[in-house]
There are 4 protein chains.
Amino acid sequence: MPTAKTTQGVPVKAAKTRERFNRDDNVIAAAISVMSDKGYASTSIQEVAERVGVLKGSLYHYFSSKEELLYRILEESHEQSREIHREVIELDLPPLETLLLYVRRLSVWYLANVERANIFFTEMKHLTGDRQVAAAGWGRAFERDISDQVVAGQADRSIRDDIDQRLLTRFILGAVNNVRFWPSRRSSRQFDHDAIVDALVALVGDSIRAS
Amino acid sequence: MPTAKTTQGVPVKAAKTRERFNRDDNVIAAAISVMSDKGYASTSIQEVAERVGVLKGSLYHYFSSKEELLYRILEESHEQSREIHREVIELDLPPLETLLLYVRRLSVWYLANVERANIFFTEMKHLTGDRQVAAAGWGRAFERDISDQVVAGQADRSIRDDIDQRLLTRFILGAVNNVRFWPSRRSSRQFDHDAIVDALVALVGDSIRAS
Amino acid sequence: MPTAKTTQGVPVKAAKTRERFNRDDNVIAAAISVMSDKGYASTSIQEVAERVGVLKGSLYHYFSSKEELLYRILEESHEQSREIHREVIELDLPPLETLLLYVRRLSVWYLANVERANIFFTEMKHLTGDRQVAAAGWGRAFERDISDQVVAGQADRSIRDDIDQRLLTRFILGAVNNVRFWPSRRSSRQFDHDAIVDALVALVGDSIRAS
Amino acid sequence: MPTAKTTQGVPVKAAKTRERFNRDDNVIAAAISVMSDKGYASTSIQEVAERVGVLKGSLYHYFSSKEELLYRILEESHEQSREIHREVIELDLPPLETLLLYVRRLSVWYLANVERANIFFTEMKHLTGDRQVAAAGWGRAFERDISDQVVAGQADRSIRDDIDQRLLTRFILGAVNNVRFWPSRRSSRQFDHDAIVDALVALVGDSIRAS
DNA sequence: AATGAATGAGGTTTCATTCAT
DNA sequence: TATGAATGAAACCTCATTCAT
């Protein structure tokens, strides 16, 4: 989310700033597009540069290495999913409702950011060193968010307790993560995102609700 | 470590064939292991060769290109899942039962072949030309197998019909495909595969069953 | 950190000139420090700029190319050694005494300017074209300074003549040039420059004096 | 010194071996030649490859990185100078004689291997990590070899003791290391190596001998 | 004077693949 | 079958230099 830069009376500076902003975002956007398609390893800096419209050497003004570019994409995605979690938690709903709302919001985000999500779920392994360590934490935090609600839901008897909470957690996690594949295929008629999300939430709800 | 090749008293042809076979399987096995870990694009022929215990150039006696090696891995996986489907269909059970049994058998296979499954679900995009066309068909067939049962189940009222069959199909597909991630994580206690599969089948069943 | 430029009450022109001078010297100083350490070829303009505290592009206000920066460093060093020579010659001492005094003064300068000396003796090869031609002359002149005294010393029988003057010259040259390495090493006790210079002069004197 | 590979009756294998040997040596030789001329940092793998007559990628059969190539050159030089030291020590001569013989032999080697010596004395700084550590040891050992004899010579009164042994050591070291520059210059008449070495030994001897 | 984005050339390295032995 | 040297293309990255602002 680029912060608004409404400027009055200082048009030149503002223009420059906006331009820079766009260029920086352009690079990320181009990288997301290519990497989602071909995968991180098969994506060349060259291709990203072409899409941005600069020479490959010039890209290194925006990031210091290919891996850092990947990291930034992943980090942004992570931040946005944290934000969603924060918003949902703040509503202070009962566990099952919190969980299903979180599932809903995440699904909406994944469907609106399929490429980002693809990269997030398949390219993280290419991080190394400190970046790898940082990213490993994200996955855990993510699982924790869901796990917490599942445990609370089992405690207040809104969620079935005949299945271990960790297995329930992974089931839910998998269902949400996979929603990004639902719209694909050259099906005759495409489903709109609302229909998909409604179906997903209904299915997940019915599967985990205490009978 | 090249195995000693001295064969005495044993039919030479047979021995040779068996050896060939083993070596061939070794190559596939090595490739699966490395590619599951690092991804197709980041896997070098060199690494596969090292794991097999031969030199890079020698691998080309077993396959004609890196892509063909990938294709063979994917094809084998496909064959094995077709076989599972065939077995389940032959039992001639009612749709919902067929579906859940298929889910169960597939899950068992995925859990027993996590590396193969990883490759199957993430590296197919690296195929090109004819091989790509062939592989695309596999995915469709796979989805069809499930879709057919869903449609039949909706017809005989064993499966809920308030949700479009295509969405149900993708939900089920996603749940099964994701089961390979359930055991991972350095959890204090690992779940055995039976527990995982039972949970998955219960959850999927409860979510799609007509109420 | 760009220094504040507000000048009040001070003649603007003078201040500006001094500043310019300082900044110019800063650049040379920074370059000497980095190049002595890593060598000309491995030194990036970037690093020099960082040490000066400006951005890469800004350095080009002070010199027109990296090679010119090197040339200026070398030229300055050359000028300073010429100055030393001039001073010694003006004393109009006998050849051997002139020679040893020159050795002494040069050594003192080298020890006080180790980094400059390092660059002078190892990076001259990176000059090209006219600059290379100019620099080649310096080396010859330098050798000539010593050679002249050796020849004169042999003529007046103060310097041994059982060894060809050119060999004596190179021996002396080498001894002086190498004195810059004497203080290095993390020896328990460091020698002060006076002790080093005294030793060097004594050794050179005893080796070339006519017996 | 390539070990003799006289083969009788197995000509093919031998030829192959010799060829490989040569190619390996060729690479080192080409690298020495270029690096001595332009310096390590300014030498491109490309140039070395051209001189060898292969494509640049092919060079990586012979070493794993440019730095390793440098390391090998330096290591070989080090080994050869150790060998010289060993031979001289084995003669078990008095300290001053040992020292002067060592100076002589080293000088002969430097004059016969000017390019190697150039690299040894100017490019070591480009090593990093473990290689740097290893190389740092060489320099110390080298200095120690001379230092030991100086100390012993002062003890038996054959070497002057009015100058600290460390200073004497560095003087000697510098004199020897610099001998590689003596023949250079487009002088009208070149000195043969014997004349140079004789002069050097005489000069060093006369400078350090106890009076 | 200073900036910093952009260039374009070149550098090191990797790698799938071929082929003579 | 196996080898391993060689290829050639392409990858990531660096850097001196320019230029509009």
Side-chain angles (χ1 to χ4, degrees), chain A residues 12-13 15-16 19-20 23-24 41-49 52-69, chain B residues 2 5 16 19-20 23-24 41-49 52-69, chain C residues 2-3 5 16 19-20 23-24 41-49 52-69, chain D residues 12-13 15-16 19-20 23-24 27 41-49 52-69:
Chain A
V12 175
K13 181 72 180 307
K16 212 177 161 185
E19 230 174 63
R20 280 278 298 105
R23 181 51 67 91
D24 215 285
S42 298
T43 296
S44 73
I45 289 294
Q46 174 86 265
E47 283 167 290
V48 177
V52 175
V54 294
L55 294 189
K56 65 186 166 179
S58 308
L59 278 195
Y60 285 82
H61 282 286
Y62 302 99
F63 52 84
S64 63
S65 71
K66 189 184 172 188
E67 190 186 319
E68 206 216 85
L69 177 54
Chain B
K5 297 244 172 71
K16 243 182 147 171
E19 227 176 67
R20 247 304 296 249
R23 183 51 71 94
D24 217 283
S42 298
T43 295
S44 70
I45 288 293
Q46 174 86 268
E47 284 167 288
V48 176
V52 174
V54 296
L55 292 186
K56 208 167 38 165
S58 308
L59 281 196
Y60 284 80
H61 288 289
Y62 302 100
F63 54 86
S64 65
S65 73
K66 190 184 172 188
E67 190 185 320
E68 203 215 85
L69 177 54
Chain C
T3 49
K5 295 241 173 73
K16 242 181 147 173
E19 226 176 66
R20 249 301 300 249
R23 183 51 72 92
D24 217 283
S42 299
T43 295
S44 70
I45 288 294
Q46 173 86 269
E47 284 168 289
V48 177
V52 174
V54 296
L55 293 186
K56 207 165 40 165
S58 310
L59 281 195
Y60 283 81
H61 290 289
Y62 302 100
F63 54 85
S64 64
S65 73
K66 189 185 173 188
E67 190 185 320
E68 204 215 85
L69 177 55
Chain D
V12 175
K13 180 71 180 304
K16 212 178 162 184
E19 231 174 64
R20 280 278 299 108
R23 181 50 68 93
D24 216 284
V27 173
S42 299
T43 295
S44 73
I45 289 293
Q46 174 86 265
E47 284 168 289
V48 177
V52 175
V54 294
L55 295 188
K56 63 186 166 177
S58 309
L59 279 195
Y60 285 80
H61 282 285
Y62 301 100
F63 52 84
S64 62
S65 72
K66 190 185 172 187
E67 190 185 320
E68 206 215 85
L69 177 55

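We use all heavy atoms of the structure for the numbers below, so side chains are in, but hydrogens, waters and symmetry mates are not.
- Rounded to an integer number of Å, the gap from A:Lys56 NZ to E:dG11 P is 13 Å.
- The closest donor-acceptor contact from the side chain of C:Lys66 to the backbone of C:Thr43 lies under 3.5 Å.
- Between the CZ atom of A:Arg23 and the P atom of E:dA6 there is a distance of 5 Å, given to the nearest Å.
- Between B:Tyr62 and F:dT1 there is no side-chain N or O to OP1 or OP2 distance below 4.0 Å.
- The interatomic distance linking A:Lys66 (NZ) with F:dA10 (C1') rounds to 12 Å, in whole Å.
- As judged by a 4.0 angstrom heavy-atom cut-off over every strand, D:Ser42 is placed among residues making no nucleic acid contact.
- Relative to the side chain of B:Tyr60, the nucleotides F:dT17, F:dA2, E:dA16 differ in distance, and E:dA16 lies closest.
- Put simply, CG on D:Leu55 is 14 Å from C1' on E:dT14, counting in whole angstrom units.
- Comparing D:Ser44 and C:Leu59 by the nucleotide of DNA chain E that holds the closest heavy atom to each, the one mapping nearer the 5' end is C:Leu59.
- In this structure, D:His61 and D:Val54 have side chains that are not in contact, with every pair of non-hydrogen atoms separated by 4.5 Å or more.
- Residues A:Gly53 and D:Gln46 each lie close to DNA chain E; by heavy-atom proximity, the contact nearer the 5' end of the strand is made by A:Gly53.
- Between C:Leu55 and C:Ala49, the closest heavy-atom pair is C-CB, 3.9 Å.
- Between D:Glu68 atom CD and E:dT12 atom C1' the separation is 14 Å, expressed in whole Å.
- Between the CD atom in B:Gln46 and the NZ atom in B:Lys56 there is a gap of 5.0 Å [rounded to 0.5 Å].
- Nearest-nucleotide positions on DNA chain F place A:Glu67 closer to the 5' end than the other of C:Thr43 and A:Glu67.
- The CG atom of A:Leu69 sits 15 Å away from the C1' atom of F:dA11 (whole-angstrom rounding).
- Using a 4.0 Å cut-off, some side-chain N or O of D:His61 falls inside it from OP1 or OP2 of F:dA5.
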Give the dot-bracket string for DNA chain F, reading 5' to 3', where a pair is Watson-Crick or G-U wobble with both distances under 3.5 Å, ( ) marks pairs inside the strand, [ ] marks pairs crossing earlier ones, | marks a partner on another strand, and . marks unpaired.
.||||||||||||||||||||
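- Remark: the A:Ser65 side chain and the A:Glu68 side chain contain no N/O donor-acceptor pair separated by less than 3.5 Å.
- Comparing A:Ala41 and C:Ala41 along DNA chain F, the residue whose closest nucleotide (by nearest heavy atom) sits nearer the 5' end is A:Ala41.
- Nearest heavy-atom pair across D:Ile45 and D:Leu59 is O-CD1, 3.8 Å.
- Within the structure, a side-chain polar atom (N or O) of B:Ser58 is placed less than 4.0 Å from OP1 or OP2 of F:dT3.
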